[in-house]
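Notes follow once the structure below has been shown.
Here the structure is a predicted model, which means the values were calculated and not measured.
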Amino acid sequence: MDFVKLTQVMRELALQAGDKIMEIYGEDDFEVREKSDESPVTAADEAADAIISAGLRAAFPDVPLVTEEQAASHAQSVSSFLIVDPLDGTKEFIKRRGDFTVNIAYVKDGTPVRGVVYAPAKARLFYTNPEGKSVEEEGPFAKETAGVTAPITVSTPDNTALLVVASKSHRDQATDDYIAKYATADMKSAGSSLKFCLIATGEADLYPRLGRTMEWDTAAGHAVLNGAGGKVVRFDDQTPLAYGKSGFENPFFIAYAPGVVLEKP
């Protein structure tokens, strides 16, 4: 894989998709439909997917592509592939809360090694550079040329005063019970893959997810967190979260800064 080209292509496609999403977001009304799994989908999901998929297939025709909005792609059995969630946080988008992201990642041998997470409503852009280190770019975001970037890195957490982030739309009692095992200083809610990025920048230390997610929900954020020195492990046995699983469905997991002393389930 040409990582210089990959970084450029993923960044540009994320920005293009973000422009389209914000165009639809600004409309007085947009259609919301229900998919077979009862999750919502909008014209923004589909338009962003069309932009990203076409761009990735043109740039990397020989690399398998898995994308949330194309069910046929979910039947593949692959360990190295591109994976896309064109609009993560559709519920946040529908409620006009701003916590939604464009996610593109490259998985190599089951590990997300490169990724971009773009939150267009919040004007925050995170990605891995060609060397695999994570950065946040300052706006405004020109399509063709990257602007000023700053390296990001996980915090050195204080295990007597942890900063915890959890899902805005998927909080439940099991999650709260697990968080209660820790000494926390602050608890914040965030939507979509932004939770991984908040750990990557040191704005949070710990993100446990005790709920259903798919690999396209997590791969880009996982890559950004990896590139900032963070980790993502399975909740049950705390082994690294791997990708290319059958059906691309994740087990429960924990994302964290390595200084956090993890509690058992």
Verdict with supporting geometry, Glu138 and Thr149, side chain to side chain contact (heavy atoms under 4.5 Å, CB included): CA-CA 6 Å; Glu138 296 178 14; Thr149 61; over 6 Å; no
Evaluate side chain to side chain contact (heavy atoms under 4.5 Å, CB included) for Val260 paired with Leu162, printing each intermediate quantity in order. CA-CA 8 Å; Val260 174; Leu162 292 174; 4.0 Å; yes
Could you go step by step and tell me if Met187 and Ile179 meet the side chain to side chain contact (heavy atoms under 4.5 Å, CB included) rule? CA-CA 9 Å; Met187 174 78 191; Ile179 292 170; 3.5 Å; yes
Chi angles and distances behind the side chain to side chain contact (heavy atoms under 4.5 Å, CB included) call for Tyr118, Tyr127: CA-CA 8 Å; Tyr118 177 41; Tyr127 55 90; over 6 Å; no
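Under the 4.5 Å side-chain heavy-atom criterion for ILVMFWY residues, no single connected hydrophobic cluster contains both Val78 and Met10. Hydrophobic clustering (side-chain heavy atoms under 4.5 Å, transitive across Ile, Leu, Val, Met, Phe, Trp, Tyr) keeps Leu198 apart from Val233. Using a 4.5 Å cut-off between side-chain heavy atoms of Ile, Leu, Val, Met, Phe, Trp and Tyr, with links allowed through other members, Ile52 and Phe141 fall into the same hydrophobic cluster. One hydrophobic cluster holds both Leu225 and Val165 under the rule that ILVMFWY side chains link at heavy-atom gaps under 4.5 Å. Hydrophobic clustering keeps Phe60 apart from Phe81 (ILVMFWY residues linked when any side-chain heavy atoms are closer than 4.5 Å, directly or through intermediates).
Looking only at distances, no side-chain donor or acceptor of Asp19 sits under 3.5 Å from a matching main-chain atom of Gln16. A distance-only check finds no donor-acceptor pair linking the side chain of Arg234 to the backbone of Ile254 [under 3.5 Å]. In this structure, Lys195 contributes its side chain and Tyr207 its backbone to no donor-acceptor pair below 3.5 Å. Not one N or O on the side chain of Arg114 forms a donor-acceptor pair closer than 3.5 Å with the backbone of Phe3. Using a distance-only test at 3.5 Å, with no hydrogens or angles considered, no donor-acceptor pair links the side chain of Ser73 to the main chain of Val66. Using a distance-only test at 3.5 Å, with no hydrogens or angles considered, a donor-acceptor pair links the side chain of His74 to the main chain of Thr67. A donor-acceptor pair under 3.5 Å links the side-chain atoms of Ser80 to the main chain of Asp109, judged by distance alone. When atom types are taken as modelled, the side chain of Asp205 and the backbone of Val164 share no donor-acceptor pair closer than 3.5 angstrom. Panel note: side chain Glu215, backbone Gly247; no donor-acceptor pair is recorded below 3.5 Å.
With hydrogens and angles left out, the side-chain atoms of Thr7 and Asn129 include no donor and acceptor closer than 3.5 Å. Side-chain atoms of Tyr106 and Thr128 form no donor-acceptor pair, as typed in the model, at a separation below 3.5 Å. Side-chain atoms of Ser53 and Gln70 include a donor-acceptor pair closer than 3.5 Å. Using modelled atom types and a 3.5 Å distance limit, the side chains of Ser193 and Thr101 yield a donor-acceptor pair. Under 3.5 Å, the side chains of Glu263 and Tyr178 contain no donor-acceptor pair of N or O atoms.
Side-chain atoms of Val135 and Ile152, non-hydrogen and from C-beta on, never get closer than 4.5 Å to each other. Looking only at side-chain heavy atoms (C-beta outward), Lys108 and Met1 stay at 4.5 Å or farther from each other. With a 4.5 Å cut-off on side-chain heavy atoms, Leu241 and Pro251 count as touching. Contact of the Asp236 side chain with the Phe252 side chain is not registered, since no non-hydrogen atoms from C-beta on lie closer than 4.5 Å. With a 4.5 Å cut-off on side-chain heavy atoms, Lys122 and Leu194 count as touching. Glu137 places none of its side-chain heavy atoms less than 4.5 Å from the side chain of Val148. Between Val117 and Val102, every side-chain heavy-atom pair lies at or beyond the 4.5 Å cut-off. Two residues are said to be in side-chain contact when any heavy atoms from C-beta on lie closer than 4.5 Å; Ile94 and Tyr25 fail this criterion.
Taking CZ of Arg11 as the reference point, atom CD of Glu144 lies at 8.5 Å (rounded to 0.5 Å). Rounded to the nearest 0.5 Å, atoms CD (Glu249) and CE (Met214) are 5.0 Å apart. The CG atom of Asn250 sits 14.5 Å away from atom CZ of Phe235, with the distance rounded to the nearest 0.5 Å. Residue Lys181 holds its NZ atom at 13.5 Å from CG of Asp176, rounded to the nearest 0.5 Å. Between Leu206 atom CG and Thr184 atom OG1 the span is 9.5 Å, to the nearest 0.5 Å. Atom CG of Leu82 sits about 9.0 Å away from atom CD1 of Ile104, to the nearest 0.5 Å.
Under the side chain to side chain contact (heavy atoms under 4.5 Å, CB included) rule, Glu68 has a single partner from Asp85, Asp49, Val84, Ile83, which is Asp85.
The shortest heavy-atom contact between Ser134 and Ala228 is OG-N, 3.6 Å. The heavy-atom pair separating Pro86 from Ile21 by the smallest distance is O-CD1, 3.5 Å. Here the shortest heavy-atom pairing between Asn103 and Trp216 reads CB-O, 4.4 Å. Across every non-hydrogen atom of Ala257 and Ser155, the tightest pair is CB-O, 3.8 Å. Val116 and Ala220 get closest at one heavy-atom pair: O-CB, 3.4 Å. Heavy atoms only, all atoms of each residue included: Asp99 and Ala190 are closest at OD2-CA, 3.5 Å.
More than 12 heavy atoms of other residues, nucleotides or ligands shown are found within 6.0 angstrom of NZ on Lys245.
Between Arg124 and Glu203 there is a salt bridge, since at least one side-chain N of the basic residue sits less than 4.0 Å from a carboxylate O of the acidic one. Between Lys95 and Glu92 no salt bridge is recorded (no basic side-chain N to carboxylate O distance below 4.0 Å).
The aromatic rings of His222 and Phe196 sit parallel, their planes meeting at an angle under 30°, below the 60° perpendicular limit. Using the six-membered ring where Trp is involved, Phe93 and Phe100 have ring planes that are perpendicular, over 60° apart on the 30 and 60° scheme.
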